[in-house]
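Quick notes on the structure that follows.
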2 protein chains.
Amino acid sequence: MLNDALGTGDGTRSAADQTHRIQEAIYDAIVEQRLPPGTKLSEAEVGAAFAVSRTITRRALHALAHAGIVTIERNRGAFVARPDPEEARQVFAARRLVEPDLTRSAARACTRADLARLRKHLDAEAAALKRDDRRTAIRLSGDFHLRIADISGNAVLARFLRDLTARTSLIVAIYGRSRASACGVDEHRELYEMLARHDEKGAPLAMLHHLDHIEADLDLGDAPDGAVDLAAILRGAAAPRD
Amino acid sequence: MLNDALGTGDGTRSAADQTHRIQEAIYDAIVEQRLPPGTKLSEAEVGAAFAVSRTITRRALHALAHAGIVTIERNRGAFVARPDPEEARQVFAARRLVEPDLTRSAARACTRADLARLRKHLDAEAAALKRDDRRTAIRLSGDFHLRIADISGNAVLARFLRDLTARTSLIVAIYGRSRASACGVDEHRELYEMLARHDEKGAPLAMLHHLDHIEADLDLGDAPDGAVDLAAILRGAAAPRD
DNA sequence: ATGCGGCTGATCGTATACAATCCATGCCTA
DNA sequence: TAGGCATGGATTGTATACGATCAGCCGCAT
């Protein structure tokens, strides 16, 4: 599940770390877009779902809030985050800045074993697409980027990117135009080829274009469609101004 | 204190948010290098110091752990993080990647009011240095970078940088060669001049050089010098090896 | 009929109690 | 005397109890 390579820092997560378990479960559910933006994450409900107390649930929700994919409102509870267009632009700006550089490092550093793993990953992506397993396809698609970050060797940036990709999932869920998965596997294959050739010029450029393509599929700019209405509804049907 | 601009997301932090209060207090103490790396942060002690229960203390410590400036070891407790040389290099790599870009954005976006605030900030820095107030000088020095990030308008990256600067404080505390403050105020003034001229070429370069200078003052590579001794002292004066 | 005020149920915020774990000291044995 | 083991104290991990706050509902007055 790739999270091994991007853990929160403690390596001793055997079976006792309940917090981590439900944190990952919610994280995955958000990435796979099973939990739509704005969904209420009641402490009691979440706790019951995983058979843990509110203490654990709470810690997990707070951690996710720190990662930016959950919003906590005082005395109201936790919700799956609903990034506004401005935040969406900032997330993409951050990715455009960080990922090409990570890709260049990866192009330099990638070993034969890394490439083999990437190949296997691409096959899994293709397979998921082939059998119309959209959830798996989306998750693997995002994981591909994380694997590159992982190869680059900078754990600090890789960690940051992990949060950014999760937020991207939310952004795509809200503003995505096409119902296709987040990334095309073709561009991933192209990236793989460049990495395999250790092309330190081409690979970052390919990543940049790839990100541009993802962002181009978004419909930022005008009103976020149902988002504003939904917000109004959720906050008590009080019309904001007019 | 600048944190207003970089809060955790909730704007309703009036007086009830105890967690935030002690989180900021510990954060500041770490940035100002009053809490050396490796210091044990006992839940009971911290809680007593701020007159809150362990619940609150715990949440604050976990949040700081997520930011990477506190390490939590299961059943052992929380400690001020002690970044190893590799992590230090990664933090600086991340800063070299992010900050020049933020600086360029700031050079483009900065208004007269922004510049006035920066000027006032520089004066405060100079004043702190003049009266040998090392703690304040260090904190303001780091805050200067955050203010630039703030001006750039990308809150996502600004938030990331906030964590990075805090970690930088720890790195300087461990590996810093000179006992001078983290950054020279002269280079900050130079940066200010470039921002004032909206120099989108020069400002990022100046920032890059500035970061290089900070990193050049570090002594990575060999053993972390006094760090090991400090750990021994804090852990009960049991001589580690010789 | 409509708007306002108090009430009730539910949810969150915080504190505390209890269990589990670890570290250290001291004793016993070889 | 040195090493290993058992025990005690301290600290953290988890669960739960209680108080605070908020949203929605009902009844009343206008």
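Order of the sequence lines sets the chain letters (A, B, ...), proteins ahead of strands, with each chain counted from 1. Computed from a predicted structure; not experimentally measured.
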### Query
OP1 or OP2 of D:dA15 less than 4.0 angstrom from a side-chain nitrogen or oxygen of A:Ser53, does that happen here?
yes
## Note on the structure
In whole angstroms, the gap separating C1' of D:dC22 from CZ of A:Phe79 amounts to 11 Å
### Message
Tell me if a side-chain donor or acceptor on B:Gln23 pairs with a main-chain N or O of B:Leu64 at a distance below 3.5 Å.
### Response
no
### Query
Which whole-number value in Å describes the distance from A:Arg54 CZ to D:dG13 C1'?
17 Å
### Task
Round to the nearest Å and state the distance from A:Glu43 atom CD to C:dG13 atom P.
6 Å
### Test side chain to side chain contact (heavy atoms under 4.5 Å, CB included) applied to A:Ile56 and A:Ser53, step by step
CA-CA 6 Å; A:Ile56 310 296; A:Ser53 78; 4.1 Å; yes
### Query
For the side chain of A:Arg76, counting heavy atoms from C-beta on, which of C:dT14, D:dG13, D:dC22 is nearest?
D:dC22
### Query
Roughly how many Å is it from CD1 in B:Ile72 to P in D:dT12, rounded to a whole number?
10 Å
#### Entry: N/O (side chain, A:Arg59) to phosphate O (OP1/OP2, D:dT14) under 4.0 Å
yes
### Message
Using whole Å, what does the distance between atom P of nucleotide D:dC22 and atom CD of A:Glu73 come to?
### Response
12 Å
#### Entry: Given DNA chain C, 5'-ward residue of the pair B:Asn75 and A:Ala78, judged by closest heavy atom
A:Ala78
#### Entry: Whether B:Arg21 side chain and B:Phe50 backbone form a donor-acceptor pair below 3.5 Å
yes
### Task
Estimate the overall bend of the helix from C:dA1-D:dT30 to C:dA30-D:dT1 from the end axes over five pairs each, rounded to 10 degrees.
0°
### Task
Check whether any side-chain N or O of A:Lys40 sits under 4.0 Å from OP1 or OP2 of D:dA23, and answer yes or no.
no
### Polar side-chain atom of A:Glu43 near backbone of A:Arg54 as donor-acceptor pair, under 3.5 Å
no
### Message
Below the 4.0 Å mark, does D:dT12 have OP1 or OP2 next to a side-chain nitrogen or oxygen of B:Arg58?
### Response
no
### Query
Just how far, in rounded Å, is P of C:dA15 from CD1 of B:Ile22?
10 Å
### Query
Once the angle between the rings of B:Phe144 and B:His121 is folded into 0 to 90°, is it parallel (under 30°), tilted (30 to 60°) or perpendicular (over 60°)?
tilted
### Message
Expressed as a whole number of angstroms, how long is the span from B:Leu41:CG to D:dT12:C1'?
### Response
14 Å
### Query
Is there a donor-acceptor contact under 3.5 Å from the side chain of A:Asp84 to the main chain of A:Glu87?
yes
### Task
Nearest whole angstrom, please: distance from the P of D:dG13 to the NE2 of B:His62.
6 Å
### Query
Counting only N and O atoms by type, is there a donor-acceptor contact under 3.5 Å from the side chain of A:Asp114 to the main-chain atoms of A:Thr111?
yes
